[in-house]
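Counting begins at 1 with the first residue of the sequence.
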Amino acid sequence: MALKYPNKSKRAGYWRVYERAKINDFRVIYEELCSIIPHVTHPVSHGPKPVLELWQLYILCAYCISFDIKLRNLEAECDLLFGRTIDHTNLSRWFSRLDEKIIDDACEELHQRMVHRRKIEYVVDSTAFTLTFYEQLMIRGLILLKLVTWKLHVIVAYLPALGLLSVAGAYATYGDAHDSPVYRDHLLPSTNMRTDGRIHGDKAYWSIDNIQQTKSKGLTPNFVPKEGADGGFVLGTALQEYDEEARKKFRGMVEGFFGGIATRQGTKCRFRNHQSKVVFCHAMALAQQVRTYLRFKVLTLLVLLAPTPVSTNIYIQFSGNRAHDNSHRFKRTTEVQAQTVCE
């Protein structure tokens, strides 16, 4: 069968970095989660002491979602990691009490490490996750069953020099939520982005409010214009500033982030509680962020340890009177043998 995109190929050295990063190693992922999750504790209460600390629950949540581990199987993993056993029903109850802001802070920490003093391009988009239960809908007098979906909205930063995608901000909603209000009401205010950056998006984000709020934050919006959009000062200016070539070059990069999630963790959520589904989406973004950071460390290490390229056919020829002139002039030649001329 022919490839769908025959001109698409992996960047040179991709698989070497992939293998060295060990992004599918359980122990490596666990140790990285332990290093970035803050040691938060349970609030003081007079009830029985929880089996696990609060920071351990955050690690377990991100760990099981990173490898799509069911809660029943997580009981044995918990004994191996922390030396304590907790029932899967208690795990489900504790996951519904976690705060997604703790997960976002850990994701932001890794993001700042990767994008520091590097050229980046922002891209905003969303992807849907399927749940394991149905809802009833009445369409034309008929009751139909529809699989419930959940949606993850993200702003990713693409690093062209390294070919990596870092999560700058994430937000979870119902599957039927529109992308535009979520972007201007939740993603844009809560995401820490550079003031001189540029953000790309599809037609769903083309609106006066989105463009104005994006520019008020110091960013340049590069959203795909809708058909027939030509009126008003704000939309007219955005049409003039729209860069079609840049959109074609960077807009599709976010699909690599969604493809990585679908390949490694899958796009199915088994939780029913509302807060559990929110935590699931944010932990999914963190799991992909951790794997990206592992690749980032390998890439930067390879760059630092790379040998300096030295050409063997470049020689130095001295000219000038050393006795009277202390400022020697150096001239590079491509002769086969080095020649030294002293006047």
Side-chain angles (χ1 to χ4, degrees), residues 33 36-45 47-75 77-78 82 86-110 126-136 146-155 167-179 181-183 185-191 258 261 265-290:
L33 289 173
I36 61 173
I37 295 295
H39 280 216
V40 291
T41 58
H42 291 284
V44 179
S45 63
K49 185 178 180 180
V51 177
L52 296 177
E53 296 292 340
L54 188 57
W55 62 272
Q56 294 175 335
L57 292 170
Y58 279 102
I59 293 175
L60 273 182
C61 179
Y63 177 80
C64 74
I65 293 174
S66 299
F67 298 100
D68 193 23
I69 303 175
K70 296 182 179 180
L71 295 184
R72 291 182 180 272
N73 298 332
L74 192 61
E75 295 179 3
E77 297 284 344
C78 180
F82 303 113
I86 183 172
D87 190 73
H88 66 277
T89 56
N90 285 333
L91 284 174
S92 177
R93 179 175 60 89
W94 278 114
F95 286 174
S96 64
R97 298 184 180 185
L98 299 181
D99 188 2
E100 67 275 8
K101 294 182 180 180
I102 302 296
I103 301 175
D104 291 342
D105 291 341
C107 196
E108 173 69 15
E109 173 66 23
L110 297 181
S126 63
T127 186
F129 294 92
T130 57
L131 305 182
T132 56
F133 56 92
Y134 295 81
E135 63 178 357
Q136 292 184 354
K146 177 186 175 182
L147 190 64
V148 182
T149 58
W150 207 252
K151 185 178 285 189
L152 173 64
H153 307 258
V154 294
I155 295 179
V167 182
Y171 192 79
T173 62
Y174 288 99
D176 298 333
H178 198 275
D179 295 346
V182 174
Y183 167 74
D185 295 337
H186 301 284
L187 271 181
L188 192 60
S190 61
T191 303
F258 297 145
I261 290 179
Q265 293 101 324
T267 59
K268 181 180 290 186
C269 177
R270 301 183 182 90
F271 294 101
R272 288 180 172 266
N273 182 271
H274 175 83
Q275 183 61 21
S276 297
K277 290 181 288 187
V278 172
V279 171
F280 170 84
C281 290
H282 287 259
M284 185 76 75
L286 176 61
Q288 187 67 13
Q289 185 83 325
V290 169

Nearest heavy-atom pair of [X] and [Y]: which atoms, and what distance?
X    : Y    : answer
A106 : I37  : CB-CD1, 4.1 Å
C281 : W150 : SG-CD1, 3.1 Å
L286 : A62  : CD2-CB, 4.1 Å
L98  : L54  : CD2-CD1, 4.0 Å
W55  : H39  : CB-CA, 3.7 Å
L147 : Y134 : N-CD2, 3.4 Å

Start with the C-alpha distance between W94 and L52, add both sets of side-chain angles, then the distance that settles side-chain contact (heavy atoms from CB on, under 4.5 Å), and finish with yes or no.
CA-CA 10 Å; W94 278 114; L52 296 177; over 6 Å; no
Please report the interatomic distance [atom1]([X]) to [atom2]([Y]), rounded to the nearest 0.5 Å.
X    : Y    : atom1 : atom2 : result
I102 : C61  : CD1   : SG    : 12.5 Å
S126 : I155 : OG    : CD1   : 11.5 Å
R270 : L131 : CZ    : CG    : 11.5 Å
I86  : C78  : CD1   : SG    : 6.0 Å

Next on the checklist: Run the ring pair (Phe, Tyr, Trp, His ring centres under 6.0 Å) test against Y171 and tell me which residues pass, sequence neighbours left out.
Outcome noted: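 With sequence neighbours excluded, Y171 shows a ring pair (Phe, Tyr, Trp, His ring centres under 6.0 Å) to H186, given in chain and number order.
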query: Got a sec, which residues hit ring pair (Phe, Tyr, Trp, His ring centres under 6.0 Å) with H178, two or more places apart in sequence or on another chain?
result: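 Listed in chain order: nothing, the list is empty.
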[X] side chain to [Y] backbone, donor-acceptor under 3.5 Å:
X    : Y    : answer
T267 : T130 : no
K151 : A177 : yes
E100 : H282 : no
Y58  : D99  : yes
E75  : H88  : yes
S96  : R93  : yes
E53  : V40  : no
Q289 : V167 : yes

Practice item. Take L57 and H42 through the test side-chain contact (heavy atoms from CB on, under 4.5 Å) and record every step on the way to the result. Key: CA-CA 10 Å; L57 292 170; H42 291 284; 3.9 Å; yes
Mind checking whether [X] and [Y] have side chains closer than 4.5 Å, heavy atoms only?
X    : Y    : value
D176 : K146 : yes
L91  : L74  : yes
F271 : V279 : no

Please report the C-alpha distance between F258 and Q288 in whole Å, then the side-chain angles of each, then the deciding distance to 0.1 Å, and finally whether the side-chain contact (heavy atoms from CB on, under 4.5 Å) criterion is met.
CA-CA 9 Å; F258 297 145; Q288 187 67 13; over 6 Å; no
**OP:** Using the side-chain contact (heavy atoms from CB on, under 4.5 Å) rule, take V148 and Y174 through it: C-alpha gap first, then chi angles, then the decisive distance, then the call.
**Re:** CA-CA 9 Å; V148 182; Y174 288 99; 5.7 Å; no
